[in-house]
Asks: 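There's a structure below that I have some questions on.
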Protein chains: 2
Amino acid sequence: MSNQRLDAIDIRILARLQADGRITNQQLADAVGLSPSPCLRRVRQLEESGIIQGYVGLVDPAAVGLGVTAFVRIRLEQQDDTRLSLFEAAVADFPEVMECYLMTGEADYQLRVLVGSLSEFEDFLRHKLTKVAGVSQVTTSFALRPVVYKTALPVG
Amino acid sequence: MSNQRLDAIDIRILARLQADGRITNQQLADAVGLSPSPCLRRVRQLEESGIIQGYVGLVDPAAVGLGVTAFVRIRLEQQDDTRLSLFEAAVADFPEVMECYLMTGEADYQLRVLVGSLSEFEDFLRHKLTKVAGVSQVTTSFALRPVVYKTALPVG
DNA sequence: CGATTTTTTGGCAGAATCTGCCAATACTCT
DNA sequence: AGAGTATTGGCAGATTCTGCCAAAAAATCG
């Protein structure tokens, strides 16, 4: 999990793995111009150093009945460390919360919430989010449609 | 890319693959209580039907110098189909734009933008985003810190 | 510059995994 | 119960993985 200098080959490895997390080591080695052995070693190093955080399968939300994306901006009553930690622990446990950021500006936090329907969202608001200690103001906007969703960072 | 009924085993397969996109088929089969062969067949079907959209490696943004997350809300001058399509095509080509949603409410679009520094963000705003035809109002909030970032949908 | 150390690479080989095929099992519907 | 359909498990050749070691490349230092 420490610093590490990334050379041109590492960058290409990252680009490839971001595009296809199941590429075989042989294909990857071929793509970046190495033989399998040093290629695998580089990948392992990138994994162990935390630069590669993991590999995941991506599932179509609509296919599993999760068609509603909501963005929720939240103000807390107070912003001391304890309140922030409490709130963060709470949202981290909500399966509906896909993203959460501590923010500058009007809101303290912004959430991206994924649910199956508006009534599920209401349940989430009424029974979960507003029950968290310290939550003062909640503002919701809904996504009509996703336009771009990427996980691959621009590298190279 | 068509509809498909998901049974309990499929759900468990999806959960596992969302948690570890490089799990071997044998481990996966074991975890869901099948032998490798039918397990692989189910995975292939989920892939071909588009329920599994793909597999990706996740890279730490800070490790590649991308430490600034900005949320940008955008109003267009007009909201006819042509303008929307034009805007969407433009943002899809910006490597900085990780997410974009067509929104209800005040803003027409909301973007999550990932850059290395505030000056890079200014470049993005001045030379890219505001140059897109039809963009009228742009409001930015910055993330101080990511709290939750998940790709795994709640299934199971 | 040349010699030494350090780092990185490529090839090898046994182990593990993949994956298509086929017979056996389980399920469905009348 | 029985016919038909769908799903499963086992098998085996092909592919891939992955640790080890010697060779090559790069970096360091006198």
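Residue numbers start from 1 in every chain, and the chains themselves are labelled A, B, ... in the order their sequence lines are given, proteins ahead of strands. What you see is a predicted model, and the numbers here were worked out from it, not measured in a lab.
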Asks: Specify the residue among B:Asp7 and A:Thr24 whose closest nucleotide of DNA chain D lies further upstream toward the 5′ end.
Replies: B:Asp7
Asks: Which value, rounded to the nearest 0.5 Å, describes the distance between B:Thr151 atom OG1 and A:Met98 atom CE?
Replies: 6.5 Å
Asks: Rounded off to whole Å, could you give me the CZ-to-P distance for the A:Arg44 and D:dC20 pair?
Replies: 14 Å
Asks: Could you tell me whether A:Ser37 contacts a base, only the sugar-phosphate backbone, or nothing, with contacts defined as non-hydrogen atoms closer than 4.0 Å?
Replies: base
Asks: Atom CG of B:Asp30 and atom C1' of D:dG10: how far apart are they, to the nearest Å?
Replies: 15 Å
Asks: To the nearest angstrom, how far is B:Ile23 atom CD1 from D:dC17 atom C1'?
Replies: 17 Å
Asks: Tell me which of A:Arg42 and A:Arg22 sits closer to the 5' end of DNA chain C, going by the nucleotide each one is nearest to.
Replies: A:Arg42
Asks: What about the rings of A:Phe87 and A:Tyr109, do their centers lie closer together than 6.0 Å?
Replies: yes
Asks: Measure the distance from CG on A:Asn25 to P on C:dC12 and round it to the nearest whole Å.
Replies: 17 Å
Asks: When the distance from CZ of B:Arg41 to C1' of C:dT25 is rounded to whole Å, what number comes out?
Replies: 13 Å
Asks: A:Leu153 pairs by side chain to side chain contact (heavy atoms under 4.5 Å, CB included) with which of B:Leu58, B:Leu114, B:Asp60?
Replies: B:Leu114
Asks: Can you tell me how far apart CG (A:Leu17) and OH (A:Tyr55) are? Round to the nearest 0.5 Å.
Replies: 4.5 Å
Asks: To the nearest angstrom, how far is B:Gln27 atom CD from D:dT16 atom C1'?
Replies: 15 Å
Asks: Mind calculating the distance between CZ (B:Arg5) and C1' (D:dA6) to the nearest angstrom?
Replies: 16 Å
Asks: Looking at B:Ser35 and D:dG10, is any side-chain donor or acceptor paired with a base atom of the opposite kind under 3.5 Å?
Replies: no
Asks: Please give, in whole Å, the distance from C:dC18 C1' to B:Leu40 CG?
Replies: 7 Å
